[in-house]
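Contents: one structure, followed by commentary.
Quantities reported herein were computed from a predicted structural model and do not represent experimental measurements. Note that ligands are numbered from 1 as they come in the structure, with each ligand's atoms numbered from 1 the same way.
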Amino acid sequence: MTRETNLQVLLRNRPEGAPQPGDFSVVETVRPEPAEGEVLIRHLFLSLDPYMRGRMSAAKSYSAPVELGEVMEGKCVGEVIASRHPDFTVGDKVLNGFGWQRFSSIRGEKLIKLEEDGALPLSAYLGVLGMPGLTAWVGLEDIGKPKAGETVVVSAASGAVGQVVGQIAKQRGCKVIGIAGGPEKCRFVTEQLGFDACLDHRGDLPAQLDAACPEGIDVYWENVGGAVQAAVFPRLRDFGRMVMCGMIAQYNEAPGADASAAPSGPNLGPVVRKRLHIQGFIVSDSGWSRYENFRSEVQAWMKAGKLNWREDVVTGLENAPTAFIGLLQGKNFGKLVIKI
Ligand code: NDP
């Protein structure tokens with residue numbers, strides 16, 4: 001029997017500005033064979049996430065870039081098809097960073113074994129029960145600290161992180177206002193996720209914020225940056241918290257471009273006057289050591305029907321570059337995953 005070939009998506013060019021399809025190449029290679037201690041995995045789902053734009057750049061960051069000609073980095077859920085590690089057998093489902101490819105052979109110690117649960121799809125381990133969900137949980141626990149009765153505003157509210165942030169804040173008894181792009185996403189955020197309101201950032205966002213939160217904002221979950229941040233920031237209340245999770249609207253800008261936007265720099269005066277707490281974080285700093293606490297709480301809400309989620313599933317690894325480019329333009333609706 002001839003061995004199946006591997007399909008891989010490689011980084012071909014480092015983009016300047018928005019990534020283009022030609023910045024990637026899709027190649028067929030020989031499928032790997034597991035060495036002693038390794039497990040051969042057939043990838044089932046690949047997660048596409050905004051941080052991957054950073055990995056395409058050589059600019060200094062918290063993590064090393066993908067080198068030109070290397071397989072693009074990404075987390076996957078896969079199935080073990082051959083094992084030379086005592087802890088894994090054929091058919092086990094596993095999670096970790098196997099990259100944009102169809103097969104990989106990985107040392108067993110690097111894998112997380114997933115308990116199959118017919119009630120939840122495996123792809124959920126890349127979204128609501130995976131890195132984006134954990135990000136939401138950790139950022140709220142450590143920085144946002146929402147208290148019952150407070151007003152929480154969440155940008156990119158229909159997306160992978162935002163949808164979980166808002167629903168956890170609702171569980172904590174807060175008033176939750178989402179911000180999203182377009183009426184369809186806003187409807188989903190209120191009707192399916194149970195936020196109190198959702199504002200369309202394509203409209204007059206400052207006026208909508210004044211109408212939805214006349215009392216001001218206690219916690220702002222920042223996923224977007226740019227004009228959305230400019231509208232929310234002046235509306236933070238005394239002792240407000242700003243959870244700096246990401247600023248996707250600025251990922252295609254050259255490094256340092258934002259610093260020169262205003263000659264005097266961004267106006268951070270209110271941070272002192274209002275005693276604001278603004279803190280950035282990266283989920284991988286300490287998040288994974290708390291994964292089990294997160295999972296047991298969120299999974300219980302999911303099973304009790306108290307936490308909803310939406311995935312945007314694109315079929316075919318060869319479509320990953322186009323889907324990723326769309327993610328940076330807001331074309332995804334829910335957690336973006338590739339079904340391989
Ligand atoms: P999403 O699923 O929310 O998808 C991205 C969304 O961002 C789009 O759907 C779109 O929503 C919005 N968007 C995209 N481009 C723009 C733009 N130019 N201007 C305004 N909005 C835009 O992604 P994630 O939930 O995976 O990620 C959300 C944020 O969280 C990102 O900034 C990401 O980098 C960050 N993140 C940070 C982590 C950390 O450890 N700090 C970990 C994981 C994610 P809409 O159409 O509604 O505008």
Side-chain angles (χ1 to χ4, degrees), residues 17-19 46-57 61-63 73-75 97 123 126-128 130-144 153-167 177-190 193 195 198-203 205 220-232 242-253 258 278-288 290-291 294 309-314 323-337:
L46 162 69
S47 177
L48 293 183
D49 300 276
Y51 76 83
M52 293 164 174
R53 177 64 184 85
R55 301 293 192 277
M56 298 176 81
S57 160
S61 183
Y62 60 91
S63 200
E73 179 181 325
K75 279 214 181 329
S123 52
L126 299 175
V128 58
M131 184 278 283
L134 182 65
T135 300
W137 190 86
V138 166
L140 280 180
E141 286 274 306
D142 294 356
I143 307 169
V153 170
V154 187
S155 55
S158 73
V161 175
Q163 53 182 287
V164 183
V165 170
Q167 291 182 92
I177 309 297
I179 299 173
E184 201 190 351
K185 286 184 177 179
C186 286
R187 221 173 9 256
F188 164 74
V189 167
T190 51
L193 304 181
F195 289 30
C198 187
L199 317 177
D200 187 346
H201 64 75
R202 298 176 191 167
L205 188 56
Y220 174 47
W221 185 283
E222 176 61 291
N223 278 332
V224 164
V228 173
Q229 182 186 95
V232 174
M242 194 154 153
V243 188
M244 300 301 290
C245 178
M247 293 197 276
I248 192 169
Q250 295 166 215
Y251 289 177
N252 287 326
E253 293 175 1
D258 49 341
I278 302 180
Q279 189 181 325
F281 77 110
I282 297 294
V283 64
S284 51
D285 291 342
S286 70
W288 290 103
R290 293 145 74 189
Y291 180 76
F294 149 78
W309 73 99
R310 178 182 175 118
E311 294 174 347
D312 186 339
V313 182
V314 173
F324 176 68
I325 290 166
L327 176 73
L328 298 171
Q329 302 165 349
K331 289 190 179 158
N332 64 306
F333 187 176
K335 168 65 197 138
L336 183 59
V337 290

With backbone taken as N, CA, C and O and side chain as the heavy atoms from C-beta onward, which portion of Thr135 lies under 4.0 Å from ligand 1: side chain, backbone, both, or neither?
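It is the side chain that gets close, since no backbone atom is under 4.0 Å.
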
Heavy-atom distances under 4.0 Å decide this one: backbone, side chain, both or neither, for Val228 against ligand 1?
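No part of Val228 is near ligand 1 at this cut-off.
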
Check each of [options] against [atom] and report the one with the nearest heavy atom.
atom: atom 2 (O) of ligand 1; options: Ala160, Gly139, Gly287; value: Ala160
atom: atom 33 (C) of ligand 1; options: Gly127, Pro50, Ala157; value: Pro50
atom: atom 11 (O) of ligand 1; options: Lys185, Met244, Glu311, Arg53; value: Lys185
atom: atom 44 (C) of ligand 1; options: Val161, Val154, Asp49; value: Val161
atom: atom 45 (P) of ligand 1; options: Gly326, Cys186, Gly181; value: Gly181

So for ligand 1, is [X] a polar contact partner (N or O within less than 3.5 Å, distance only)?
X: Tyr251; answer: yes
X: Val224; answer: no
X: Met131; answer: no
X: Ser158; answer: no
X: Ile179; answer: no
X: Phe281; answer: yes
X: Tyr51; answer: no

Counting from 1, what ligand 1 atoms have a heavy atom of [X] closer than 4.0 Å?
X: His201; answer: 45 (P), 48 (O)
X: Met247; answer: 32 (O)
X: Ala180; answer: 47 (O)
X: Val283; answer: 39 (C), 40 (O)

Within the 4.5 Å heavy-atom criterion, are [X] and [Y] side-chain neighbours or not?
X: Gln229; Y: Met244; value: yes
X: Thr135; Y: Cys245; value: yes
X: Ile177; Y: Phe195; value: no
X: Ser158; Y: Arg310; value: no
X: Asp142; Y: Arg290; value: yes
X: Pro19; Y: Arg53; value: yes

Which residue and atom name correspond to the protein heavy atom nearest atom 10 (C) of ligand 1, and how close is it?
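Result for atom 10 (C) of ligand 1: Gly330 CA, 3.5 Å.
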
Can you list the steps and then say if Val164 with Trp137 is a side-chain contact (heavy atoms from CB on, under 4.5 Å)?
CA-CA 8 Å; Val164 183; Trp137 190 86; 5.9 Å; no

So, does Cys245 sit close enough to ligand 1 that a heavy atom of it is under 4.0 Å from the ligand?
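Flag set, Cys245 near ligand 1.
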
Out of curiosity, is Lys335 lining ligand 1, as in a heavy atom under 4.0 Å away?
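No, Lys335 has no heavy atoms under 4.0 Å from ligand 1.
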
Can you spot which of Asp49, Leu126, Val165 makes a side chain to side chain contact (heavy atoms under 4.5 Å, CB included) with Pro132?
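Of the listed residues Asp49, Leu126, Val165, the side chain to side chain contact (heavy atoms under 4.5 Å, CB included) partner of Pro132 is Asp49.
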
Between Ser47 and Met52, what is the shortest heavy-atom contact and its length?
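Heavy-atom minimum between the residues: O-CE, 3.0 Å.
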
In this structure, are over 12 heavy atoms from other groups packed under 6.0 Å from Glu184 atom CD?
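For Glu184, atom CD is not crowded (no more than 12 foreign heavy atoms under 6.0 Å).
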
Point-to-point distance, once rounded to the nearest 0.5 Å, from CG of Asp312 to NZ of Lys331
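These two atoms lie 12.0 Å from each other.
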
